[in-house]
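We name chains A, B, ... by the order of the sequence lines, and we start the count at 1 in each one. These numbers come from the heavy atoms of this one structure, side chains and all, not from hydrogens, waters or symmetry mates.
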Number of protein chains: 2
Amino acid sequence: MSTGVRNSWQDVRKYVRGQILNLTYRPGDKLPRDEDIARELNCARSTVHRAMRSLAEDGIIERRRKAGTKVNPDPVTRATLDIPITRIEIESRGYTYRHQLIESRVLKAAPAHLVRPSTTDAIPVCHIRTLHLADERPFVFEDRWVSLQTVPEIRDVDLAEISANEWLVHNRPYSNCDVEIFVDRTTDTEARIMEVLSGTSLLVLERTTWIDAAPITHVRAVHAKGYRLISTDRQARP
Amino acid sequence: MSTGVRNSWQDVRKYVRGQILNLTYRPGDKLPRDEDIARELNCARSTVHRAMRSLAEDGIIERRRKAGTKVNPDPVTRATLDIPITRIEIESRGYTYRHQLIESRVLKAAPAHLVRPSTTDAIPVCHIRTLHLADERPFVFEDRWVSLQTVPEIRDVDLAEISANEWLVHNRPYSNCDVEIFVDRTTDTEARIMEVLSGTSLLVLERTTWIDAAPITHVRAVHAKGYRLISTDRQARP
DNA sequence: GGTATTATTATGTAGGCACATAATCTGAAT
DNA sequence: ATTCAGATTATGTGCCTACATAATAATACC
């Protein structure tokens with residue numbers, strides 16, 4: 001367990017991770033200093049640092065200057081969800097994609113969704129409702145508000161041709177995104193559009209995106225029955 | 001826009017990110033070589049590299065050797081969910097936590113959940129059902145299988161004292177975790193335990209954890225009505 | 001014209017050095 | 001004993017060099 005030919009940072013990562021997995025170090029335990037690990041594995045401190053930073057980013061260890069490194073005493077299950085453009089998601093499942101613009105209307109003032117506590121002014125918005133279909137069956141219904149202050153050009157976009165979802169992703173990068181996932185009883189309108197019984201509970205994703213403090217868009221996406229969100233596993237499986 | 005005193009990698013990151021946000025570079029566009037950015041900002045290539053790697057990890061840019069760096073042409077909304085120990089989650093909301101062990105039983109063979117395609121053998125498991133309460137109201141109902149091959153010690157744990165959830169998190173680190181999130185109609189038993197009408201649809205999180213190829217546990221966690229999963233925003237907000 | 005081989009090149013990694021930074025620890029002063 | 005100031009120290013950053021690696025681009029060959 002010493003002076004092996006481990007020299008890549010990924011090997012160092014595996015080595016430390018292995019010691020955590022095999023309970024050599026348990027949650028809350030202090031790990032050796034980077035320098036000591038470097039000497040033990042016969043590599044540079046910067047290489048160990050690289051490995052440790054990766055483990056810290058994944059929430060496996062905690063690092064603090066002077067205090068040193070310890071195994072995270074309260075590990076959380078960290079799941080990463082990649083939410084692609086709806087068209088891509090539908091097509092990658094082998095279905096034929098189509099979207100239907102149900103409504104696109106300009107409003108003088110936005111509802112509370114788009115407004116952060118700090119912002120008090122009334123923002124003009126575009127209210128867009130779109131149904132995404134997979135093989136002609138309702139897949140996702142989007143109820144979206146777009147800030148015309150941040151994205152005035154959206155007025156000129158033919159949203160029947162390209163969905164607001166896709167246009168925004170390709171034309172308005174954001175700096176921040178809030179996501180909430182929950183179950184909600186569909187409204188009568190939503191139920192009709194999604195072709196389910198009125199009052200059926202469906203999975204809802206609400207997202208708000210921002211450029212710094214300026215809101216771009218808020219969307220409530222109601223997903224068809226049976227939809228599953230699946231986490232992307234960052235670690236390669238052997 | 002040149003030779004400023006930007007020299008930390010986070011400044012470089014902000015600089016490049018700013019250019020993407022202000023549409024200087026749009027999705028699919030090629031960015032300059034690290035070396036050129038370094039010269040422009042008057043810093044070392046390694047500093048630019050550090051910044052670019054961070055952007056690549058966040059899915060904002062794509063890097064390929066020789067081909068160079070480009071803005072991700074198909075950005076995805078990347079949401080990170082931190083799923084803490086249920087007790088911590090309940091207590092951090094200001095409720096009083098209690099859990100109730102409903103069943104703990106040893107089975108000779110696991111149901112399909114715990115078995116990856118490759119594994120064909122029958123695995124002995126412990127089947128544990130636990131209700132977590134917040135202020136004495138049902139919060140999460142866990143239906144869990146634990147592999148006795150990987151975690152034989154769990155037989156000796158007093159699961160009425162410490163929940164399987166908490167014990168496992170503190171005693172069995174995992175290398176891989178699959179998470180699925182969906183809406184499901186509760187079974188009659190689940191509905192009774194969660195104190196909802198039979199057939200009510202609730203939010204379900206299913207997780208499976210592994211040490212390499214060896215399964216540790218699979219859990220179906222049925223969440224109370226009104227539960228919301230909220231993403232943790234990695235970027236600091238100004 | 002197509003195909004295999006060989007440069008070329010942008011990113012990735014390893015190592016080393018110096019110094020910055022943030023906790024912690026120590027010890028002096030009250 | 002408590003508080004405050006300064007020393008200590010483990011991690012964090014920046015810069016540099018050299019080399020590895022994976023793609024692409026260029027070339028030679030048939």
Using a cut-off of strictly less than 4.0 Å, decide whether [X] has a side-chain nitrogen or oxygen near OP1 or OP2 of [N].
| X | N | value |
| --- | --- | --- |
| B/T69 | C/dT11 | yes |
| A/Q10 | C/dG12 | no |
| B/T47 | D/dC15 | yes |

Any side-chain to backbone donor/acceptor pair from [X] onto [Y]? Under 3.5 Å, distance only.
| X | Y | answer |
| --- | --- | --- |
| B/S231 | B/A79 | no |
| B/H170 | A/P27 | no |
| B/D29 | B/V71 | no |

Counting only heavy atoms and a strict 4.0 angstrom limit, can you tell me which residues of residues 24-38 of chain A come near DNA chain C?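 Of all residues in residues 24-38 of chain A, none places a heavy atom under 4.0 Å from DNA chain C.
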Using atom [atom1] of [X] as one end and atom [atom2] of [N] as the other, report the distance to the nearest whole Å.
| X | N | atom1 | atom2 | value |
| --- | --- | --- | --- | --- |
| B/R50 | C/dT11 | CZ | P | 17 Å |
| B/R63 | C/dT13 | CZ | C1' | 13 Å |
| A/L41 | C/dA14 | CG | C1' | 14 Å |
| B/M52 | C/dA10 | CE | C1' | 11 Å |
| A/D11 | C/dT13 | CG | C1' | 12 Å |
| A/E57 | D/dT11 | CD | C1' | 14 Å |
| B/R39 | D/dC16 | CZ | C1' | 16 Å |
| B/W9 | C/dA20 | CH2 | C1' | 16 Å |

From the options C/dT13, C/dG15, D/dG12, select the nucleotide whose nearest atom is closest to the side chain of A/H49.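 Taking heavy atoms from C-beta onward, the closest nucleotide is D/dG12.
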Measure from the side chain of A/S46, starting at C-beta and using heavy atoms only, and say which of C/dT13, D/dC16, C/dG15 lies closest.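 Side chain of A/S46 sits closest to C/dG15.
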When you look at CZ of B/R155, are more than 12 heavy atoms from neighbouring residues, nucleotides or ligands closer to it than 6.0 Å? no
Sole residue of A/D11, A/D34, A/V12 in side-chain contact (heavy atoms from CB on, under 4.5 Å) with A/T47: A/V12
Below 30° counts as parallel, above 60° as perpendicular, anything between as tilted: where do the rings of B/Y227 and B/F139 land?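 If you compare the ring of B/Y227 with that of B/F139, the planes turn out perpendicular.
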A/W145 and A/H218 aromatic ring geometry - parallel, tilted or perpendicular at 30°/60° bounds: tilted
Taking atom types as they are modelled, is there a donor-acceptor pair under 3.5 Å from the base of D/dG14 to the side chain of B/R45?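 In this structure, the two groups form no donor-acceptor pair.
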Salt bridge check: are A/E142 and A/R220 linked by an N-O gap of less than 4.0 Å? no
So how far is it from B/R45 CZ to B/I37 CD1, rounded to the nearest 0.5 Å? 12.0 Å
Please list each protein N or O that sits under 3.5 Å from an N or O in nucleotides 22-26 of chain D, with the distance.
from   : atom 1 : to    : atom 2 : distance (Å)
D/dA23 : O4'    : B/R65 : O      : 3.3
D/dA23 : O3'    : B/R64 : NH2    : 3.4
D/dT24 : OP1    : B/R64 : NH2    : 2.3

